[in-house]
Amino acid sequence: MKKILSLTIALLVSITLFAQNADFQKAVAKYKNVSSLTATAVRTTHKAGTANDKSVSGKLYVKKPSKVLIQNGKDALLMNGTSFTMKKGALKAKTDSKKDNQYNTFHDVLESIFSGGATDISKLSDVKMSKSGSNVIITITPVPQAKKRMMFSSFILTIDGKAQELRSIRLVKKAGAYTEYVFSNYKLGASVADSQFK
């Protein structure tokens, strides 16, 4: 009896993961045959306990296979291969997703999105996928590493299923603070130079 129950649960989990991955692949299919793109990126910074959020307009640049830059004035979030760089004014923080667990899955998810769902992210242990209307919501909750300070407690990515576009990325810190990037006005196939990602 227990064996049948275990097999039934395993089957249901497998079916759920398959359905989630199918929803994800459908939502990002537009990016499959695109080698580069740009979009408008509005960054909103929210601090817990304050009513006035700060928003700055900027731009998103993507070049396959794994170059992503979100630039807002002098601030930037850059993924170049497995290397991640965050710039805030004169401050710069750099890490490698192969060594830093909190960015490892984030890298894999971004790469899969802009490849049109080439890899199945539904099986990643720190990823939860759900649907809200036509939107696909991907929540990444990194597993803490020993002696490693976690900058973010989670990453929440929303994909507009109707438009087949990545709509937003929210980087959540502890105590309710977050930085959110909202994307619009995509230009698929726009020319993007490699020098943009330095």
Side-chain angles (χ1 to χ4, degrees), residues 16 20 23-24 27-28 39-62 68-79 82-114 121-163 165-186:
T16 301
Q20 288 176 341
D23 288 336
F24 168 71
V28 297
T40 299
V42 176
R43 186 196 66 199
T44 299
T45 305
H46 173 80
K47 292 184 179 179
T50 61
N52 298 321
D53 293 346
K54 294 182 179 179
S55 295
V56 181
S57 185
K59 205 161 184 179
L60 166 69
Y61 302 89
V62 176
V68 179
L69 170 65
I70 308 170
Q71 196 159 32
N72 301 89
K74 293 182 179 179
D75 300 344
L77 174 61
L78 169 66
M79 179 181 94
T82 60
S83 174
F84 277 86
T85 305
M86 289 196 75
K87 296 177 184 177
K88 194 166 185 181
L91 300 174
K92 183 191 285 189
K94 194 170 183 178
T95 190
D96 192 302
S97 64
K98 287 183 177 179
K99 299 175 183 177
D100 194 335
N101 190 52
Q102 72 175 315
Y103 288 98
N104 190 31
T105 300
F106 186 44
H107 166 272
D108 292 345
V109 169
L110 282 177
E111 198 171 75
S112 186
I113 287 172
F114 291 119
I121 61 169
S122 66
K123 295 176 182 177
L124 297 173
S125 60
D126 47 358
V127 166
K128 180 185 176 184
M129 296 177 70
S130 60
K131 285 198 77 176
S132 176
S134 62
N135 291 345
V136 175
I137 314 296
I138 301 167
T139 303
I140 305 168
T141 307
V143 179
Q145 285 177 281
K147 299 180 181 179
K148 199 90 172 176
R149 181 177 170 270
M150 299 287 282
M151 188 177 291
F152 303 108
S153 59
S154 65
F155 303 82
I156 303 170
L157 297 87
T158 300
I159 302 166
D160 184 332
K162 283 186 178 178
E165 294 175 348
L166 175 62
R167 187 60 61 226
S168 65
I169 297 174
R170 180 177 289 197
L171 312 178
V172 183
K173 297 183 178 181
K174 292 181 180 178
Y178 64 80
T179 299
E180 184 171 55
Y181 301 92
V182 177
F183 310 110
S184 61
N185 304 317
Y186 276 88

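In this chain, residues are counted from 1 in sequence order. Treat the numbers as computed from the prediction; the structure is a model and nothing was measured.
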Please round to the nearest 0.5 Å and tell me the distance separating atom [atom1] of [X] and atom [atom2] of [Y].
| X | Y | atom1 | atom2 | result |
| --- | --- | --- | --- | --- |
| S168 | F183 | OG | CZ | 7.5 Å |
| L171 | Y178 | CG | OH | 11.5 Å |
| F152 | M86 | CZ | CE | 4.0 Å |
| I113 | I138 | CD1 | CD1 | 4.5 Å |
| N72 | K59 | CG | NZ | 12.5 Å |
| K47 | N52 | NZ | CG | 11.5 Å |

Counting only N and O atoms by type, is there a donor-acceptor contact under 3.5 Å from the side chain of [X] to the main-chain atoms of [Y]?
| X | Y | value |
| --- | --- | --- |
| Y186 | L166 | yes |
| T44 | E180 | no |
| D96 | S83 | no |

Inset, instruction - Take D75 and K87 through the side chain to side chain contact (heavy atoms under 4.5 Å, CB included) test and state the conclusion after the steps. - result: CA-CA 5 Å; D75 300 344; K87 296 177 184 177; 5.7 Å; no
Inset, instruction - Determine the interplanar angle of the F84 and H107 rings, folded into 0 to 90°, and report it as parallel if under 30°, tilted if 30 to 60°, perpendicular if over 60°. - result: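 It falls in the perpendicular class, over 60°.
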Legend entry - Closest contact, heavy atoms only, A39 versus S184: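 Smallest heavy-atom distance, with atoms named: CB-O, 3.4 Å.
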Inset, instruction - Could you pull out the closest heavy-atom pair between S112 and F24, with the gap in Å? - result: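 Smallest heavy-atom distance, with atoms named: OG-CE2, 3.4 Å.
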Legend entry - Passing option when D126 is tested against T105, T139, T141, N101 for side chain to side chain donor-acceptor pair (under 3.5 Å):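 When T105, T139, T141, N101 are each tested with D126, the side chain to side chain donor-acceptor pair (under 3.5 Å) holds only for T105.
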Inset, instruction - For R43 and I70, run side chain to side chain contact (heavy atoms under 4.5 Å, CB included): C-alpha distance rounded to whole Å, both residues' side-chain angles, the deciding distance at 0.1 Å, then the answer. - result: CA-CA 9 Å; R43 186 196 66 199; I70 308 170; over 6 Å; no
Inset, instruction - Could you check V109, D108, N104 and say which one makes a side chain to side chain contact (heavy atoms under 4.5 Å, CB included) with I140? - result: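 The single option meeting the side chain to side chain contact (heavy atoms under 4.5 Å, CB included) with I140 is V109.
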Legend entry - Residue K131 excluded, over 12 heavy atoms near NZ under 6.0 Å: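 Result for NZ/K131: enclosed.
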Inset, instruction - Please report the C-alpha distance between M129 and I121 in whole Å, then the side-chain angles of each, then the deciding distance to 0.1 Å, and finally whether the side chain to side chain contact (heavy atoms under 4.5 Å, CB included) criterion is met. - result: CA-CA 9 Å; M129 296 177 70; I121 61 169; 4.1 Å; yes
Side-chain polar contacts of residues 153-163 - donor-acceptor pairs under 3.5 angstrom, sequence neighbours left out - could you list them?
residue	atom	partner	partner atom	Å
S153	OG	V172	O	3.2
D160	OD1	K162	N	3.0
D160	OD1	A163	N	3.1
D160	OD2	R167	NH2	3.3

